[in-house]
2 protein chains.
Amino acid sequence: MVGIRRLAQHLDISIGTVSRALNGRPDVNEETRKRVLEAAAELGYAPNQAGRSLRRGATSAVGFMIESNDESESNSDNFFLGVIGGLTGALAQHNLDLVVLPCSTSEDPHDYLQRIVVRRLVDAVIISATQRNDRRIPLLKKAGIPFIALGRTGGADQHAWVDLDFEGVAHKAVARLAAKGHKQIAVAVPDSDINLGHVFRNAFVDALAQNGLPFDPDFIICAKSSEHGGYTVGDTLLAMKNRPTAVVLVYEMMAIGLYRRLSEAGLVPGRDLAVVGFREGPLARFLSPALTCFRMSLLDLGTGLAEGLLATMPAFPDLYRAEPVQKLWPMELVEGESDAMEV
Amino acid sequence: MVGIRRLAQHLDISIGTVSRALNGRPDVNEETRKRVLEAAAELGYAPNQAGRSLRRGATSAVGFMIESNDESESNSDNFFLGVIGGLTGALAQHNLDLVVLPCSTSEDPHDYLQRIVVRRLVDAVIISATQRNDRRIPLLKKAGIPFIALGRTGGADQHAWVDLDFEGVAHKAVARLAAKGHKQIAVAVPDSDINLGHVFRNAFVDALAQNGLPFDPDFIICAKSSEHGGYTVGDTLLAMKNRPTAVVLVYEMMAIGLYRRLSEAGLVPGRDLAVVGFREGPLARFLSPALTCFRMSLLDLGTGLAEGLLATMPAFPDLYRAEPVQKLWPMELVEGESDAMEV
DNA sequence: TAGGTTTTCGTAAACGATTACGGAGATTGT
DNA sequence: ACAATCTCCGTAATCGTTTACGAAAACCTA
């Protein structure tokens with residue numbers, strides 16, 4: 001393996017000069033720099049990451065912590081892959097690698113992250129699937145590791161995050177349904193301790209109030225964020241004596257299950273029950289009737305996350321900003337037929 | 001940050017002894033070892049990864065190279081997440097981290113991998129989406145990096161790989177269709193230079209021969225491995241004067257597009273055209289009529305990949321085997337209604 | 001008890017890169 | 001011509017950990 005030593009003796013200069021030449025330091029003759037650069041390309045030299053990290057005290061890597069669902073049951077489809085694409089692109093421009101840190105669902109995310117952090121495996125981290133009271137936040141703050149969260153937390157403390165604009169989604173969905181005459185609108189939220197459920201629930205309640213609609217606690221339906229969860233939402237709806245005329249869902253997989261349950265009951269979405277989904281996934285186009293839902297660019301979301309993270313890293317003084325980025329990511333309505341009915 | 005130095009001075013012993021105690025070396029008093037372990041836990045010590053990597057010449061990380069499709073168009077959904085779950089579990093048992101290396105589709109995978117390898121970012125790699133003549137193989141061999149491929153390559157050279165049992169799938173699919181009287185069976189394969197297409201195509205031709213069925217080159221349909229690709233497969237089929245009575249697909253997303261195209265033409269899968277899909281994804285259960293396809297455990301696949309990789313790593317002498325693992329992963333038929341018709 | 005063996009631990013040299021420091025030439029100023 | 005300045009580069013320390021080597025102490029054997 002060719003290191004800086006071999007490069008230096010090949011050029012018959014000192015390793016210090018080689019290093020300076022490669023790192024763009026000013027105190028090196030331009031003629032020498034050119035020779036070094038050429039030799040490096042010729043010999044296929046690249047700095048050893050371990051040596052560099054040790055000396056610099058930084059790894060040039062940021063971690064993206066996701067929970068790797070052990071079996072394919074769950075909701076997340078191409079979501080993370082899309083975000084990862086945006087992240088890598090934006091980070092690569094600053095010579096940062098992305099390290100995906102998949103936390104098994106059988107392990108406590110806090111403990112997993114602690115192991116990563118204390119070993120100094122990455123310079124900064126992105127956490128996802130944030131909980132209402134997420135212990136990872138104080139951990140990262142105490143360790144002084146720059147971070148950003150994909151998803152708000154419940155805490156009042158300030159930290160950088162990017163989240164989907166649930167308020168906007170809830171407002172658009174409810175306003176649209178209200179305009180069609182719906183007065184009894186239900187919402188399905190995930191039953192896990194993930195913060196998303198709370199946020200979406202609150203946004204929904206606010207949207208109801210803004211549209212002058214009454215709020216019935218029974219209309220908040222908790223379910224697993226999976227296809228089967230959507231099926232159980234159908235069960236719940238069908239069992240209600242005072243059945244809502246419309247329902248708003250999170251996760252496209254829920255929509256699939258609900259469609260199936262309705263179909264079994266001889267009901268048609270958009271005719272017997274207005275359905276508004278959340279994120280437009282690859283399935284939404286196929287569902288019949290077409291699902292009214294919301295669209296976003298996963299690539300842009302990843303880019304936005306990267307920018308927000310870089311702004312928290314003192315190692316990038318030109319991008320650094322004192323106040324943490326807190327950004328709601330807009331989603332655009334995709335009109336379908338699943339909420340076509342008027343009432 | 002607490003390092004081995006602080007730990008040593010806190011215990012008033014030398015750093016050498018601390019290191020030996022932590023690494024389970026025999027030449028340290030058990031009483032001393034216990035004290036060191038306790039102090040390490042108390043002070044929250046964990047070895048700095050950069051220092052350790054530099055000294056050991058190994059990073060304790062294996063890379064999993066995937067291509068991160070820039071936009072959500074493409075096929076891969078929960079596939080990688082599932083495999084990652086299996087990988088992390090199996091690797092963690094040997095104190096190995098998994099680093100996901102997402103290669104942007106705009107970059108040459110070979111160049112991307114070279115940058116990773118030359119910087120010694122990982123000890124071993126798993127490559128996926130192998131091409132027929134994959135330049136990454138000689139790169140890794142030359143660099144002496146242990147690796148395993150998820151997907152066979154076309155080359156005759158020996159290296160470790162795990163691949164799906166396309167032969168088994170093709171044979172089961174064709175035999176099943178032949179038993180129902182089908183004589184004109186088409187197959188849709190991806191049009192990219194990924195090796196999967198060639199393998200699947202060959203397996204299909206073999207299966208035809210084994211079942212005494214004629215082979216018509218027109219019945220090999222190339223398409224993008226996406227929902228839209230499936231739609232174009234439908235276009236191609238409908239435009240044929242001598243239309244096949246059955247079609248076998250790869251990728252579940254293709255099935256969705258094909259269903260949509262057939263529906264637009266007023267045709268029903270399983271009645272007007274027998275459809276056999278490939279991998280059972282979260283969507284297959286929902287398609288109506290239910291898609292006949294094949295099932296596998298992504299978790300087990302990940303575990304198998306990890307085992308095959310460990311067997312190539314000299315750093316694990318007890319697992320090391322001279323001959324590289326080459327394993328076809330079986331898939332189990334999931335009976336649906338999409339190929340119910342007889343002819 | 002002398003000599004040999006074993007146990008336990010401290011010392012110091014690596015690993016590969018970065019960078020503060022200082023020195024040798026070359027250049028400029030008076 | 002002498003000093004001051006500037007340009008360029010070599011030397012060596014350093015990051016945190018591992019490990020070969022040797023030494024001290026303890027233990028055994030005859």
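Note on naming: letters A, B, ... go to the chains in the order of the sequence lines (proteins, then strands), and numbering restarts at 1 for each one. Note that these values count all heavy atoms, side chains included, but never hydrogens, waters or copies made by symmetry.
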Review point. Can you tell me how far P of D:dT17 sits from CZ of B:Arg6, to the nearest Å?
Key: 11 Å

Practice item. Could you state the atom-to-atom distance from CD1 of B:Ile15 to P of C:dT11 in whole Å? Key: 10 Å

**Study point:** Salt bridge present between B:Arg33 and B:Glu30 (N-O < 4.0 angstrom)
**Key:** yes

Exercise for review: Could you grab the distance from atom CG of A:Leu140 to atom CG of A:Leu113, nearest 0.5 Å is fine?
Suggested key: 5.0 Å

Practice item. Answer yes when B:Glu42 and B:Arg35 have at least one side-chain N-carboxylate O distance shorter than 4.0 Å, and no when they do not. Key: no

**Study point:** Phosphate OP1/OP2 of C:dT19 contacted by A:Arg25 side-chain N/O (<4.0 Å)
**Key:** yes

Review point. Under 4.0 Å: is that the gap between some side-chain N or O of A:Ser19 and OP1 or OP2 of C:dT18?
Key: yes

Exercise for review: Determine, for A:Asp27 against A:Arg25, whether the closest basic-nitrogen to carboxylate-oxygen distance falls under 4.0 angstrom.
Suggested key: no

Exercise for review: May I have the distance from A:Leu54 (atom CG) to D:dA13 (atom C1'), rounded to whole angstrom?
Suggested key: 13 Å

Review point. Closer than 4.0 Å, any side-chain N/O of B:Tyr45 to the OP1 or OP2 of D:dT17?
Key: yes

Review point. For residues B:Gln49 and A:Arg120, is any side-chain donor paired with an opposing acceptor at under 3.5 Å?
Key: no

Exercise for review: Measure from CG on B:Leu11 to P on C:dT8 and round the result to the nearest Å.
Suggested key: 17 Å

Exercise for review: Could you check whether A:Thr32 gets within reach of a base, just the sugar-phosphate, or nothing at all, counting any heavy atom under 4.0 Å?
Suggested key: sugar-phosphate

Point to revise | Flag for B:Asp123-B:Thr59: side-chain donor and acceptor within less than 3.5 Å | key: yes

Review point. When all nucleic acid strands are considered with a 4.0 Å heavy-atom cut-off, which category describes B:Asp27: base, sugar-phosphate, or nothing?
Key: base

**Study point:** Proximal nucleotide (of C:dG10, D:dT17, C:dC9) relative to the B:Ser14 side chain
**Key:** C:dG10

Check your understanding: In terms of side-chain heavy atoms of A:Asn29, which of D:dC9, C:dC9, D:dG16 is nearest?
Key -> D:dC9

Practice item. Give one of base, sugar-phosphate or nothing for A:Gly3, where a contact means two heavy atoms less than 4.0 Å apart. Key: sugar-phosphate

Review point. What about B:Arg56: does its side chain form a donor-acceptor pair under 3.5 Å with the base of D:dT18?
Key: no

Review point. How many Å lie between CZ on B:Arg33 and C1' on C:dT7, as a whole number?
Key: 13 Å

Point to revise | Selected nucleotide, minimal atom distance to B:Arg52 side chain, candidates D:dT17, C:dC9, D:dT11 | key: D:dT17

Point to revise | Interatomic distance, A:Leu22 CG vs C:dG16 P [rounded to whole Å] | key: 16 Å

Practice item. May I have the distance from B:Arg5 (atom CZ) to D:dT18 (atom P), rounded to whole angstrom? Key: 13 Å

**Study point:** Selection from D:dT18, D:dC9, C:dA17 that lies nearest to any side-chain heavy atom of A:Pro47
**Key:** C:dA17

Check your understanding: With a 3.5 Å cut-off and just heavy-atom distances, do the side chain of B:Arg55 and the base of D:dT17 make a donor-acceptor pair?
Key -> no

Revision key, fill the gap. The residue, B:Val28 or A:Gly51, whose nearest nucleotide of DNA chain C is more 5′ is B:Val28

Review point. Which part of the nucleic acid, if any, lies within reach of A:Arg20 when heavy atoms closer than 4.0 Å are counted: base, sugar-phosphate only, or nothing?
Key: base

Study note, to complete from the structure: Closest to the side chain of B:Asn48, out of C:dC9, D:dG16, D:dT19, is D:dG16

Review point. Within this structure, what is the CD-to-C1' distance between B:Glu31 and C:dC9, rounded to whole angstrom?
Key: 15 Å

